[in-house]
2 protein chains.
Amino acid sequence: MGVGMAKATKKKTAAGVHDHRRCVNRALSSAERACETQGKRLTPLRRRVLELIWDGHAPVKAYDLLRTLAQEHAGAAPATIYRALDFLQDAGLVHRINSQNAYLGCNASDHPHVGHFLLCTSCSNVVEFENDGLAALIDEQARAQGFHVDRQTVEVMGLCRSCQ
Amino acid sequence: MGVGMAKATKKKTAAGVHDHRRCVNRALSSAERACETQGKRLTPLRRRVLELIWDGHAPVKAYDLLRTLAQEHAGAAPATIYRALDFLQDAGLVHRINSQNAYLGCNASDHPHVGHFLLCTSCSNVVEFENDGLAALIDEQARAQGFHVDRQTVEVMGLCRSCQ
DNA sequence: AATGCAATGTTATATTGTAACATTCATAAC
DNA sequence: GTTATGAATGTTACAATATAACATTGCATT
């Protein structure tokens, strides 16, 4: 199927497909390094789940992952997915988008950072952004109220450039 | 039950109870005004759900509301609660805390504002805060990436002053 | 080989949220 | 006052998301 598709749409999408494939591979390599560093085990199952998450451009639902995984992995059940997701989140390889009950590969697992996202309500694409000033301002505001910050999430809903 | 309790703990909590009662009443009055202004109908059912939300200090789960409501309202079903919650959110009287699947009364329904929260992971209390600079910075960051913002939510997890 | 712990398998169930259609209620038009 | 209308609620069923609990497997160390 992959071959036929590739031929049929070669000129227009082949490069894009390969780019994306490269991007996924880069993410997986980076994930392996990150786990090595953290002394965590990126087992084949966990690695495969991470790969499935990266396969799409938008956040993925747990049960969509499950349906896909089940086609290639007999014992797949909800716990299978949720355990993998828990591991991947702990390892900083995946973020949960709370407003969507969905999961997104993290492209910056090599350094600590907070979860700040722009969510397009039209095309469902999500981009993670980093803004140290923003993180600092949130921290400062919290401290001013005597609050000790462990974690912060920012989810911004709206329209991406191409959907406006 | 209420009377016995009140007597048993009169000195220490009676004032607090009354303060909270006053606070709830203020919120309900304010909600009535807000609906009047917006041309929306705060029916007895919706008003009661809002009151139940305000009864606790922490965000409330939909099915907890349902259990409580069901004791006094025969036809209460999930849809009953979710419809009321949808209405109250549209009217700006209630916020949803995405990271907890829980709902919180809004103390500033008289003016437009964004949903910024400090969530204590120890005592479960939540405080909403307003920081125009923060909202503006988020907006600016988004615009810089060509993103048009409709709504923003900030959820900060950590420890409140008294839980540190 | 024996032990122990992490990872996964397996089954069941809890929690959260919607869909779809029927009925009731308030309001305005007649 | 009746009637037409749409909003609100009642009612039943089910979908979607997530966790609990215990069994089994696999891997690393002794």
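The figures that follow rest on heavy atoms only: side chains count, while hydrogens, waters and symmetry mates do not. Residue numbers begin at 1 in each chain, while the letters A, B, ... track the order of the sequences.
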Tell me the interatomic distance from [X], atom [atom1], to [N], atom [atom2], rounded to whole angstroms.
| X | N | atom1 | atom2 | answer |
| --- | --- | --- | --- | --- |
| Asn101(A) | dA15(D) | CG | P | 18 Å |
| Asp86(B) | dT16(C) | CG | C1' | 13 Å |
| Leu85(A) | dT8(C) | CG | P | 12 Å |
| Asn98(A) | dT16(C) | CG | C1' | 14 Å |
| Ile81(A) | dT8(C) | CD1 | P | 11 Å |
| Phe87(A) | dT8(C) | CZ | C1' | 14 Å |

(message) Among residues 59-69 of chain B, which ones have heavy-atom contacts with DNA chain D below 4.0 Å?
(response) none
(request) Examine dG9(C): is either OP1 or OP2 under 4.0 Å from a nitrogen or oxygen in the side chain of His73(A)? Give yes or no. (result) yes
(message) Counting only side-chain nitrogens and oxygens, does Arg46(A) get under 4.0 Å of the OP1 or OP2 atom of dT8(C)?
(response) yes
(request) With the side chain counted from C-beta on, respond yes when Ser162(A) and Cys123(A) share a heavy-atom pair under 4.5 Å apart, and no when they do not. (result) no
Quick check on [X]: does its [atom1] atom have over 12 non-hydrogen neighbours (other residues, nucleotides or ligands) under 6.0 Å away?
| X | atom1 | value |
| --- | --- | --- |
| Arg151(B) | CZ | no |
| Glu36(A) | CD | no |
| Glu130(A) | CD | yes |

(request) Select from Pro44(B) and Arg41(A) the residue whose nearest nucleotide in DNA chain D is closer to the 5' end of that strand. (result) Pro44(B)
(request) Inspect the contact between Arg48(B) and Glu51(B) and indicate whether a charged nitrogen and a carboxylate oxygen are less than 4.0 angstrom apart. (result) yes
(message) Among dT19(D), dT11(D), dG9(C), which nucleotide has an atom closest to any side-chain atom of Leu45(A)?
(response) dG9(C)
(request) Compare the minimum distances between each of dT8(C), dT18(C), dG10(D) and the side chain of Tyr82(B), then state the nucleotide with the smallest one. (result) dT18(C)
Mind listing the N/O atom pairs, protein and nucleotides 20-22 of chain C, below 3.5 Å?
unit_1, atom_1, unit_2, atom_2, d
dA20(C), N6, Arg83(B), NH2, 3.2

(request) Look at the side chain of Ser122(B) and the backbone N and O of Leu159(B), then say whether any donor-acceptor pair between them is shorter than 3.5 Å. (result) no
(message) Suppose we screen for side chain to side chain contact (heavy atoms under 4.5 Å, CB included). Which residues come up paired with Gln89(B), at least two apart in sequence or across chains?
(response) Leu85(B), Asp86(B), Val94(B), Arg96(B), Tyr103(B)
(request) Show your working on side chain to side chain contact (heavy atoms under 4.5 Å, CB included) between His20(A) and His57(A) and close with a plain yes or no. (result) CA-CA 9 Å; His20(A) 185 240; His57(A) 291 76; 3.6 Å; yes
(request) Might you work through the side chain to side chain contact (heavy atoms under 4.5 Å, CB included) test for Val127(B) and Phe117(B), ending with a clear yes or no? (result) CA-CA 6 Å; Val127(B) 305; Phe117(B) 306 95; over 6 Å; no
